[in-house]
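Naming: A, B, ... by sequence-line order, numbering from 1 per chain. Quick note: numbers below take in every heavy atom, side chains included, and nothing from hydrogens, waters or symmetry partners.
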There are 2 protein chains.
Amino acid sequence: MADEIHFKILRLLEADPHVSQRQLSDELGVSLGKVNYCLRALVEKGLLKANNFKNHKNKSAYAYLLTPSGIQERASLARRFLKIKMAEYERLKKEIEELGLESSKDKS
Amino acid sequence: MADEIHFKILRLLEADPHVSQRQLSDELGVSLGKVNYCLRALVEKGLLKANNFKNHKNKSAYAYLLTPSGIQERASLARRFLKIKMAEYERLKKEIEELGLESSKDKS
DNA sequence: ATCCCCCGTTCATTCATTGAACGCATACTC
DNA sequence: GAGTATGCGTTCAATGAATGAACGGGGGAT
């Protein structure tokens with residue numbers, strides 16, 4: 001799923017709007033460029049608003065605030081990924097069972 | 001993991017050496033080119049031997065036979081992926097729990 | 001012979017991703 | 001003041017994985 005990254009970004013920013021792009025990059029294990037690209041997309045979609053307030057500490061960074069529709073979308077994505085993850089979980093369980101059989105079998 | 005595809009190929013070919021590259025491509029959900037590339041690598045490593053026997057049906061295809069070390073490697077990969085998958089499984093279980101909490105929470 | 005289907009092989013193209021480099025703002029030291 | 005170190009967001013050339021259309025050829029059927 002391509003926009004799992006979008007979901008994760010929304011989740012992190014909802015928890016703390018002051019996370020920098022580099023922090024997101026580290027946390028999510030993707031490149032800085034990609035984070036920037038995704039943020040741009042999220043702002044474009046109106047899910048995120050980038051307020052510049054320089055009065056915060058020594059940062060010239062933005063605060064990435066979720067818009068109302070951003071909050072809504074984030075919740076909706078959470079539900080969607082819950083379903084997806086549960087399906088993955090089942091698939092994985094089956095895979096593990098098969099592997100378990102294989103790796104414990106004898107030669108004839 | 002990059003060589004999960006290698007493992008899956010070995011598994012399928014051990015079950016039936018007469019699977020064509022296109023069938024592998026379909027089954028594994030990867031491109032024909034990639035299957036070809038992987039087979040080449042497996043032969044190179046000595047895990048697979050491509051015997052051409054044209055007497056089979058109307059096929060001019062190979063039979064991809066696992067060498068002894070191919071069989072051994074396949075078993076070893078099975079054990080390795082069993083561990084990996086179980087770790088994934090645990091991670092996923094946690095993720096699902098978190099998502100479950102999120103998507104059932106009320107607004108203040 | 002021709003036609004058709006499937007085989008393995010190739011490789012130019014596509015596409016996502018990277019990370020080094022840039023300009024800018026702030027804070028600190030001399 | 002000037003210098004400089006650190007953090008920020010932004011950019012974009014380069015990388016590398018993956019694709020799939022196209023090719024040559026073998027074998028059966030007509």
Starting at [atom1] of [X] and ending at [atom2] of [N], how long is that distance when rounded to a whole Å?
X: B:Asp26; N: D:dA18; atom1: CG; atom2: P; value: 17 Å
X: B:Leu24; N: D:dT19; atom1: CG; atom2: P; value: 14 Å
X: A:Leu28; N: C:dA16; atom1: CG; atom2: P; value: 19 Å
X: B:Ile5; N: D:dA18; atom1: CD1; atom2: P; value: 9 Å
X: A:Leu32; N: C:dT17; atom1: CG; atom2: C1'; value: 12 Å

Side chain of [X] only, please: which of [options] is the nearest?
X: A:Gln21; options: D:dG9, C:dT17, C:dG8; value: D:dG9
X: B:Lys34; options: C:dA21, C:dT9, D:dA18; value: D:dA18
X: B:Asn36; options: C:dT18, D:dG20, C:dT10; value: C:dT10

Under 4.0 Å, heavy atoms only, any strand: does A:Arg40 hit a base, just the sugar-phosphate, or nothing?
sugar-phosphate

With respect to the phosphate group of [N], does any side-chain polar atom (N or O) of [X] fall under 4.0 Å of OP1 or OP2?
X: B:Tyr37; N: C:dC11; answer: no
X: B:Tyr62; N: C:dT9; answer: yes
X: A:Ser20; N: D:dC8; answer: yes

Step through the shown structure and confirm whether more than 12 heavy atoms of other residues, nucleotides or ligands are within 6.0 Å of CD on B:Gln72.
no

Distance-only, no hydrogens or angles: does the A:Thr67 side chain make a donor-acceptor pair with backbone N or O of A:Lys49 under 3.5 Å?
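Checked: no pair found.
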
Is there a donor in the side chain of B:Gln21 and an acceptor in the side chain of B:Tyr64, or the other way round, less than 3.5 Å apart?
yes

Hydrophobic cluster membership, B:Leu77 vs B:Ile84, 4.5 Å side-chain cutoff
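Same cluster.
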
Looking at the base of C:dG8, is there any donor atom on it, or on the side chain of B:Arg22, that sits under 3.5 Å from an acceptor on the other one?
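It does, because a donor-acceptor pair links the side chain of B:Arg22 to the base of C:dG8 below 3.5 Å.
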
